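Report on one structure; see the data block that follows.
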Amino acid sequence: MSRLARTAGLTDVQREILTTVREFVDKEILPVATELEHRDEYPARIVEGLTELGLFGLMIPEEYGGLGESLLTYALCVEEIARGWMSVSGIVNTHFIVAYLLERHGTEEQKRTFLPRMAAGEVRGAFSMSEPGLGSDVSAITSKAVRDGDDYVLNGQKMWLTNGGTSSLVAVLCRSDEGHPAGTAPHRSMTTFLIEKEPGFGAVRPGLTIPGKIDKMGYKGVDTTELIMDDLRIPAHRVLGGTTGRGFYQMMDGVEVGRVNVAARGCGVALRAFELGIAYAQARHTFGRPIAQHQAIQFKLAEMATKVEAAHAMMVGAARKKDSGERNDLEAGMAKYLAAEYCKEVVEDSFRIHGGYGFSKEYEIERLYREAPMLLIGEGTAEIQKMIIGRRLLEEYRFQG
């Protein structure tokens with residue numbers, strides 16, 4: 001274990017889990033990540049290995065077949081996985097958010113139906129809020145659910161589904177006006193639906209189409225897709241929690257823990273960029289000595305390491321806050337914002353240390369350089385995080401004039 005990104009106060013079980021994950025990353029992910037990423041190939045064998053380790057059930061309660069671990073344990077595992085290849089951590093994260101939504105908000109029947117199979121990795125989850133025309137404005141969704149007897153009929157187009165093709169269960173946010181008259185605040189007329197489907201692309205069930213993968217600059221391997229609903233019929237007992245109108249709050253709860261996950265991804269990618277930069281700086285010679293001996297490079301390494309440590313500390317604090325049962329939207333927003341920004345800066349500094357070789361696809365830093373920007377927009381842009389942070393600060397420090 002390196003000097004950086006250590007976490008105090010872990011139990012023996014947590015340390016054992018993290019050691020196992022780190023060994024898996026070193027042996028099974030790092031040696032193949034760049035090759036798979038360049039081919040944009042889904043990491044099937046890696047996912048199988050994570051399934052065997054129980055990672056897909058890490059936070060699912062033991063009564064439903066999971067390991068019942070904390071958000072902190074999960075976030076630290078994500079940090080390790082992202083250090084190997086960020087795309088793999090994305091595959092796990094979307095699954096985890098759906099499992100979290102079910103555990104926190106699902107009916108007992110929904111929990112019993114899905115959570116044991118999710119813990120075993122037999123059912124893989126994805127969730128969907130965004131649409132082509134709304135960006136960060138979730139309240140503006142246009143996908144519609146209309147009651148028809150014992151079913152709801154769903155129509156609309158969704159965007160940016162991670163695991164869109166490989167998943168078999170998708171939590172989808174739609175507008176449902178039933179019981180919510182005209183003039184109701186938009187966020188009070190949204191409902192989350194649990195949609196079962198076949199893995200794959202094209203028509204995956206009547207009324208539901210998953211087009212092919214979106215071709216991305218980075219974050220490859222994992223399938224990112226659209227989702228098109230055309231008179232898709234969903235039984236009423238697949239409304240998350242059994243009651244309409246709660247979808248916005250359910251999804252925001254999921255995104256809150258998702259932001260801790262994105263912070264953890266930023267920490268993992270930044271740590272890997274630092275490892276690559278400090279190793280290259282000692283191997284590369286100029287003017288008769290390793291470039292690590294040049295003061296300019298040492299300054300960069302010092303700044304990079306400090307950013308890795310700061311981001312890790314904020315991520316751990318946000319996870320522990322959520323685990324304590326307290327509201328953590330302020331801490332999660334800060335952690336996500338800082339970790340994403342610092343990740344971008346650490347990756348760029350490592351890229352600069354590599355010089356011209358950093359521009360070559362033969363070097364791992366080239367992959368990290370294309371992956372880091374996704375963290376600036378995933379689970380809410382930096383601007384959205386700053387809005388959340390600012391509003392919460394005004395609540396906490398209300399001026400008493």
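Remember, it's a predicted structure, so these values are computed and weren't measured experimentally.
Scored by the side-chain hydrogen bond (donor to acceptor under 3.5 Å, both in side chains) test, Glu395 finds Arg392 as partners (sequence neighbours excluded). With sequence neighbours excluded, no residue forms a side-chain hydrogen bond (donor to acceptor under 3.5 Å, both in side chains) with Asn328. Arg39 meets the salt bridge (Lys or Arg N to Asp or Glu O under 4.0 Å) test with Glu35, Glu41; sequence neighbours excluded. For Ser70, the side-chain hydrogen bond (donor to acceptor under 3.5 Å, both in side chains) partners two or more places apart in sequence, or in a different chain, are Thr73. For Arg367, the side-chain hydrogen bond (donor to acceptor under 3.5 Å, both in side chains) partners are Thr34, Glu364, Glu371, not counting sequence neighbours. When the salt bridge (Lys or Arg N to Asp or Glu O under 4.0 Å) test is applied to Lys307, the partners found at least two apart in sequence or on another chain are Glu345.
Checking side-chain atoms of Thr191 against main-chain N and O of Gly245 turns up a donor-acceptor pair under 3.5 Å. Using a distance-only test at 3.5 Å, with no hydrogens or angles considered, no donor-acceptor pair links the side chain of Lys158 to the main chain of Phe127. Between the His95 side chain and the Met118 main chain, a donor and an acceptor come within less than 3.5 Å of each other. Judged purely by atom type and a 3.5 angstrom limit, Glu131 has no side-chain atom pairing as donor or acceptor with the backbone of Met159. Without hydrogens or angle criteria, Lys336 side chain to Gly380 main chain gives a donor-acceptor distance under 3.5 Å. Using a distance-only test at 3.5 Å, with no hydrogens or angles considered, no donor-acceptor pair links the side chain of Arg327 to the main chain of Asp329. A side-chain donor-acceptor contact under 3.5 Å links Gln282 to the backbone of Ile278. Side-chain N or O atoms of His105 include none that pairs as donor or acceptor with a backbone N or O of Gly241 at under 3.5 Å. Judged by distance alone, the side chain of Thr209 and the main-chain N or O of Pro211 form no donor-acceptor pair under 3.5 Å.
Ion pair Arg320/Asp323 not flagged as a salt bridge, since none of the NZ, NE, NH1 or NH2 atoms sits closer than 4.0 Å to an Asp/Glu carboxylate oxygen. With salt bridges taken as basic N to acidic carboxylate O contacts below 4.0 Å, one links Lys220 and Asp215. A salt bridge is defined here as a Lys NZ or Arg NE, NH1 or NH2 lying under 4.0 Å from an Asp or Glu carboxylate O, and Lys321 with Glu331 meets this definition.
Residue pairs satisfying the salt bridge (charged side-chain N to carboxylate O under 4.0 Å, His left out) criterion with at least one member in residues 202-213, sequence neighbours excluded, are listed as follows: Asp40-Lys213. Residue pairs that meet the salt bridge (charged side-chain N to carboxylate O under 4.0 Å, His left out) test with at least one member in residues 191-202, sequence neighbours left out, are Glu196-Arg238. Note on residues 129-166: pairs passing ring-ring contact (aromatic ring centres under 6.0 Å, His included), not counting sequence neighbours, are Tyr152-Phe193. Judged as a ring-ring contact (aromatic ring centres under 6.0 Å, His included), the pairs with a partner in residues 265-315 (not counting sequence neighbours) are, in order, Tyr280-His354. Pairs passing the side chain to side chain donor-acceptor pair (under 3.5 Å) check and including a residue from residues 43-63, sequence neighbours excluded, read Thr51-Arg124. Residue pairs meeting the side chain to side chain donor-acceptor pair (under 3.5 Å) criterion with at least one partner in residues 23-32, sequence neighbours excluded, are Asp26-Arg83.
Counting only heavy atoms from C-beta outward, the side chains of Gln110 and Leu194 approach each other to under 4.5 Å.
Of all heavy-atom pairs spanning Thr166 and Pro199, the tightest one is O-CB, 3.9 Å.
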